[in-house]
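Single-structure report; data block below.
Residue indices begin at 1 and follow the sequence shown.
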Amino acid sequence: MSLNRITPQQAVQKIQAGAKLIDIRSPSEFAFQHIKDAQSCPLDTLSTQSFSDDNILIFHCLSGMRTQQNAHLLAQYTQHCAEVYYLDGGLNAWKQANLPVIQRAGGMDIMRQVQLIAGSLVLLGVLLGVMVSPYFYGVSAFVGAGLMFAGLTGFCGMAKVLARMPWNQVN
C-alpha cells in the first residue's frame with residue numbers, strides 16, 4: 001500500500017468520517033504544538049503500533065517532509081489498513097488553512113532553537129575569526145557541516161540534544 005496525498009480540507013472531511021490523524025513527530029514537538037484530536041505516534045514507536053484493517057489513517061509531521069521521507073516505513077506498518085494518507089504540507093499547511101491547533105503557552109519549538117543556536121555559533125565563529133584568530137572560522141565550518149549533514153540525512157544531533165534539555169521535557 002502506498003500513501004496518498006491529502007489536503008488539510010480533505011483531511012478534515014476524512015476525520016469527521018472517522019479517520020485517525022497520526023502525528024509522527026517527537027513527543028516534545030507534539031507537546032509544544034499539535035493538531036486538535038491528533039494522536040502522537042513518533043516514528044521510532046511505529047513498529048509497536050497495531051493498526052486494524054478497517055482503519056483510515058492520515059499521517060503528518062511539521063512540513064510533510066519527514067512523512068514523505070518515511071512513506072515506505074509507514075506503508076509497511078499500515079499495509080492492511082483500508083486507506084492511508086499523508087497530510088500535504090503537514091502541520092504548517094493545517095495552520096495556513098486556519099484549522100484548530102493546540103499550542104503550549106511559552107517556549108519555542110526545537111527547530112527554532114536549533115536555528116537560533118546554529119546561527120549564533122556561525123556568527124560567533126566569524127566574529128572571533130576576524131577579531132581573534134582565523135582558527136575560529138572552524139566553529140562556523142563545523143556548524144555548517146552539521147547543518148548539511150542534518151539536511152542530507154534527516155538526523156539533527158543538535159535537535160536530539162536540545163530535546164533532552166529540561167525546558168523541552170514533556171510534563
Correct closest heavy-atom pair for S140 and V122 would be OG-O, 2.8 Å
Side chain to side chain contact (heavy atoms under 4.5 Å, CB included) between L74 and T67, worked out
CA-CA 8 Å; L74 297 171; T67 309; 3.7 Å; yes
In Å and rounded to the nearest 0.5 Å, what is the CD1 to CD1 distance from I58 to I6?
4.5 Å
Begin with the C-alpha distance, continue with both residues' side-chain angles, and end with the deciding distance and a verdict on side chain to side chain contact (heavy atoms under 4.5 Å, CB included) for V130 and Y137.
CA-CA 8 Å; V130 168; Y137 289 128; 3.4 Å; yes
Linking I/L/V/M/F/W/Y whenever any side-chain heavy atoms sit under 4.5 Å apart, do I35 and Y85 land together?
yes
Intermediate values then yes/no, side chain to side chain contact (heavy atoms under 4.5 Å, CB included), F59 and L46
CA-CA 11 Å; F59 289 98; L46 272 177; 4.2 Å; yes
Do V143 and V161 share a hydrophobic cluster, counting only Ile, Leu, Val, Met, Phe, Trp and Tyr and linking them when any side-chain heavy atoms are less than 4.5 Å apart?
yes
Passes side chain to side chain contact (heavy atoms under 4.5 Å, CB included), L99 versus V12? Steps please.
CA-CA 9 Å; L99 294 167; V12 168; 3.7 Å; yes
Just how far is it from atom CD1 of I56 to atom CG of L21, taken to the nearest 0.5 Å?
13.0 Å
Cut-off 3.5 Å, side chains only: do R5 and Y86 have a donor facing an acceptor?
yes
Closest non-hydrogen atom pair between H60 and L87, with its separation
CB-CB, 3.6 Å
Between L116 and L162, is there shared hydrophobic-cluster membership here, with clusters defined by ILVMFWY side-chain heavy atoms closer than 4.5 Å?
no
Let me confirm one number: the CD-CG distance from E83 to N55, rounded to the nearest 0.5 Å.
11.0 Å
Closest non-hydrogen atom pair between R25 and F30, with its separation:
NH2-CA, 3.7 Å
Any side-chain heavy-atom pair of Q113 and N168 under 4.5 Å
yes
Measure the spacing between CG of L3 and NE2 of H72 and express it to the nearest 0.5 Å.
11.0 Å
Answer yes if L62 and I24 sit in the same cluster of Ile, Leu, Val, Met, Phe, Trp and Tyr residues linked by side chain heavy atoms under 4.5 Å apart, and no otherwise.
no
In terms of heavy-atom contacts, does CE of M65 have more than 12 from other residues, nucleotides or ligands at under 6.0 Å?
no
Would you say Q33 and D109 make side-chain contact, with heavy atoms under 4.5 Å?
no
Restricting to non-hydrogen atoms, name the atom on W94 and the atom on P100 that form the minimum distance, rounded to 0.1 Å.
NE1-O, 3.0 Å
Could you state the interatomic distance from CE (M111) to SG (C156), rounded to the nearest 0.5 Å?
5.0 Å
Heavy-atom neighbours of F142 CZ exceed 12 at 6.0 Å
no
Please tell me whether L121 and V114 are part of a single hydrophobic cluster in this structure, the criterion being side-chain heavy atoms less than 4.5 Å apart.
yes
What distance separates L57 CG from I22 CD1, expressed to the nearest 0.5 Å?
5.5 Å
Hey, does V139 have a side-chain heavy atom less than 4.5 Å from the side chain of L124?
no
Considering all heavy atoms, the nearest I102-K36 contact
CD1-CA, 4.0 Å
Minimum-distance pair of heavy atoms, taken over all atoms of R66 and S26
NH1-N, 4.2 Å
Check whether any side-chain heavy atom of K160 lies under 4.5 Å from a side-chain heavy atom of F155, and answer yes or no.
yes
